[in-house]
Amino acid sequence: MSRPEKETMTVRHHILITGASSGIGAALAAYYARPGVLLTLWGRNEERLENTASIARKKGAAVETLCIDLTQADKALAALIKADDECPVDILILSAGMADIRPHNALAESAETALRMSMVNFATPVAMATEMANRMAERRRGRIALMGSVASFHDLPLATVYSGSKAGIGRFSTALRAAMDPYNVRVCLIAPGFIDTPMSQRLDGEQAFLVPVDKAARKIARSINAGRAVLVFPWVFQLTRLLEMLLPRPIAHRILRRLDVMQHPEG
Ligand SMILES: NC(=O)c1ccc[n+]([C@@H]2O[C@H](COP(=O)([O-])OP(=O)(O)OC[C@H]3O[C@@H](n4cnc5c(N)ncnc54)[C@H](OP(=O)(O)O)[C@@H]3O)[C@@H](O)[C@H]2O)c1
């Protein structure tokens with residue numbers, strides 16, 4: 001398939017990244033930026049998104065940006081279809097996500113937070129991934145990366161919606177992987193522990209085995225490029241997952257109820 005010229009450059013790879021205005025998405029944009037690459041970068045905050053775009057342009061990539069709120073799934077789908085029609089997407093990285101811990105004096109998150117988080121962390125990325133999987137399968141090539149979390153391995157009383165939405169993404173991702181493998185479309189689930197980004201910096205207290213964001217981006221990109229099904233890192237979280245599977249659930253819950261983490265509001 002011939003590709004259009006973007007910003008006077010011939011595009012060899014088109015990579016679309018959501019959540020590119022911050023953290024892991026921004027670091028992945030910087031990682032992939034080079035001549036011959038078109039980066040379509042999505043985020044909400046225009047200034048931060050432009051900052052990522054300018055770093056990528058300096059490294060020789062062609063860049064298009066879109067400020068979009070992923071609670072609006074219809075708009076996101078329409079924008080995805082437009083971007084793919086203009087230049088077929090080779091790699092779709094669905095990094096955008098929100099984390100919320102229940103307020104200190106509450107028993108659970110609010111219904112409003114639950115709805116928003118379900119859209120941003122689950123419903124919209126699932127809709128985008130299925131649309132793109134169908135398109136990539138026709139072309140018999142492509143990569144889709146979905147951002148899960150090690151939080152999905154545990155029944156977290158402080159973050160029921162976050163751990164639930166990430167568990168949903170995890171199962172969706174491996175199921176879509178099974179559906180798409182025969183069509184040379186590789187679906188990758190990324191399940192990180194603590195990565196040093198604005199999201200983790202909002203949490204009070206020590207974050208075990210914190211990984212610098214650039215190191216995490218390299219690891220994630222290598223996994224996507226290799227077409228790996230699941231990346232869980234740091235490896236120690238494989239052990240905590242196993243431990244929770246082995247423990248009787250009431251005992252695990254008693255331990256997990258003791259977790260006391262505070263989260264600062266979004267800046
Ligand atoms: N950091 C960690 O320790 C960690 C661990 C496990 C999994 N993860 C997952 O990794 C992904 C990236 O997180 P991060 O650490 O890079 O966090 P981050 O620095 O807070 O970045 C989150 C990104 O998601 C975007 N986003 C949030 N709500 C959105 C919405 N309603 N519509 C559109 N975009 C929205 C943000 O856009 P704006 O900034 O423009 O608002 C930002 O670009 C998330 O899915 C997160 O759950 C992170």
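Note that the coordinates shown come from a computational prediction; the quantities given were computed from them, not determined experimentally. Remember, it's 1-based here, ligands and their atoms both numbered in the order they're listed.
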Quiz item: Taking NZ, NE, NH1 and NH2 as the nitrogens, is one of them in R218 or D214 under 4.0 Å from a carboxylate oxygen of the other?
Solution: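 A salt bridge is absent here (no side-chain N lies under 4.0 Å from a carboxylate O).
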Self-check item: Cluster link V261 to V150, ILVMFWY, side chain under 4.5 Å
Solution: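 Linked, V261 and V150 end up in one cluster.
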Quiz prompt | Within one Ile-Leu-Val-Met-Phe-Trp-Tyr cluster: F237 and L259, side-chain cutoff 4.5 Å | solution =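 The answer is yes; both residues are in one hydrophobic cluster.
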To which protein heavy atom is [atom] closest, and what is the distance rounded to 0.1 Å?
{"atom": "atom 14 (P) of ligand 1", "answer": "T197 OG1, 3.6 Å"}
{"atom": "atom 2 (C) of ligand 1", "answer": "I195 N, 3.5 Å"}
{"atom": "atom 35 (C) of ligand 1", "answer": "R44 NE, 3.8 Å"}
{"atom": "atom 23 (C) of ligand 1", "answer": "G19 CA, 3.8 Å"}
{"atom": "atom 36 (C) of ligand 1", "answer": "S21 OG, 4.0 Å"}
{"atom": "atom 32 (N) of ligand 1", "answer": "L70 N, 2.8 Å"}
{"atom": "atom 16 (O) of ligand 1", "answer": "I24 N, 2.8 Å"}

Can you check which of [options] brings a heavy atom nearest to [atom]?
{"atom": "atom 4 (C) of ligand 1", "options": "S165, A151, G193", "result": "G193"}
{"atom": "atom 12 (C) of ligand 1", "options": "S22, S95, S152, S200", "result": "S95"}
{"atom": "atom 20 (O) of ligand 1", "options": "E46, M98, M117, M199", "result": "M199"}
{"atom": "atom 39 (O) of ligand 1", "options": "E47, R202, R48, Q201", "result": "R48"}

Can you list the atoms of ligand 1 that are under 4.0 Å from a heavy atom of [X]?
{"X": "P198", "answer": "19 (O)"}
{"X": "G97", "answer": "22 (C), 24 (O), 27 (C), 44 (C), 45 (O)"}
{"X": "D69", "answer": "30 (C), 31 (N), 32 (N)"}
{"X": "F194", "answer": "3 (O)"}
{"X": "G148", "answer": "7 (C)"}
{"X": "A96", "answer": "24 (O), 25 (C), 34 (N), 45 (O)"}
{"X": "M147", "answer": "9 (C), 10 (O), 11 (C), 45 (O)"}
{"X": "G23", "answer": "16 (O), 19 (O)"}

Quiz item: Does ligand 1 have a heavy atom under 4.0 Å from the side chain of Q207, from its backbone, from both, or from neither?
Solution: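 Contact part for Q207 vs ligand 1: neither.
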Quiz item: Considering only heavy atoms, does Y162 approach ligand 1 within less than 4.0 Å through its side chain, its backbone, both, or neither?
Solution: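 Side chain only.
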Quiz prompt | Name of the residue among N51, L49, L41, T65 meeting side-chain contact (heavy atoms from CB on, under 4.5 Å) with S21 | solution =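 Filter result, single survivor: L49.
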Practice problem: Examine the side chains of S163 and H154 and answer whether a donor and an acceptor come within less than 3.5 Å of each other. | Solution: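 No pair is found: no donor N or O on one side chain lies under 3.5 Å from an acceptor on the other.
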In terms of heavy-atom contacts, does [atom1] of [X] have more than 12 from other residues, nucleotides or ligands at under 6.0 Å?
{"X": "R258", "atom1": "CZ", "answer": "no"}
{"X": "Y183", "atom1": "OH", "answer": "no"}
{"X": "K59", "atom1": "NZ", "answer": "yes"}

Quiz item: Counting both backbone and side chain atoms, is some N or O of P192 under 3.5 Å from an N or O of ligand 1?
Solution: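 It does not: no N or O of P192 is found under 3.5 Å from an N or O of ligand 1.
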Quiz item: How is the hydrophobic cluster of L107 composed, in terms of its other members, when Ile, Leu, Val, Met, Phe, Trp and Tyr link through side-chain heavy atoms under 4.5 Å apart, directly or indirectly?
Solution: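 Taking Ile, Leu, Val, Met, Phe, Trp and Tyr as members, L107 stands alone, with no cluster partners.
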Quiz item: Mind checking whether R116 has a heavy atom under 4.0 Å from ligand 1?
Solution: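 It does not, in that no heavy atom of R116 comes within the 4.0 Å cut-off of ligand 1.
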Exercise. Could you tell me whether ligand 1 has any atom less than 4.0 Å away from a heavy atom of I68?
Key: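 It does; at least one heavy atom falls under 4.0 Å.
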Pairwise side-chain contact, [X] with [Y], heavy-atom cut-off 4.5 Å (strictly under):
{"X": "L243", "Y": "L246", "result": "no"}
{"X": "I81", "Y": "E131", "result": "yes"}
{"X": "Y32", "Y": "L39", "result": "yes"}
{"X": "I169", "Y": "R171", "result": "no"}

Quiz item: Are D90 and R139 close enough, and set up right, to give a salt bridge (charged side-chain N to carboxylate O under 4.0 Å, His left out), and what steps lead you there?
Solution: CA-CA 10 Å; D90 299 290; R139 306 197 279 264; over 6 Å; no
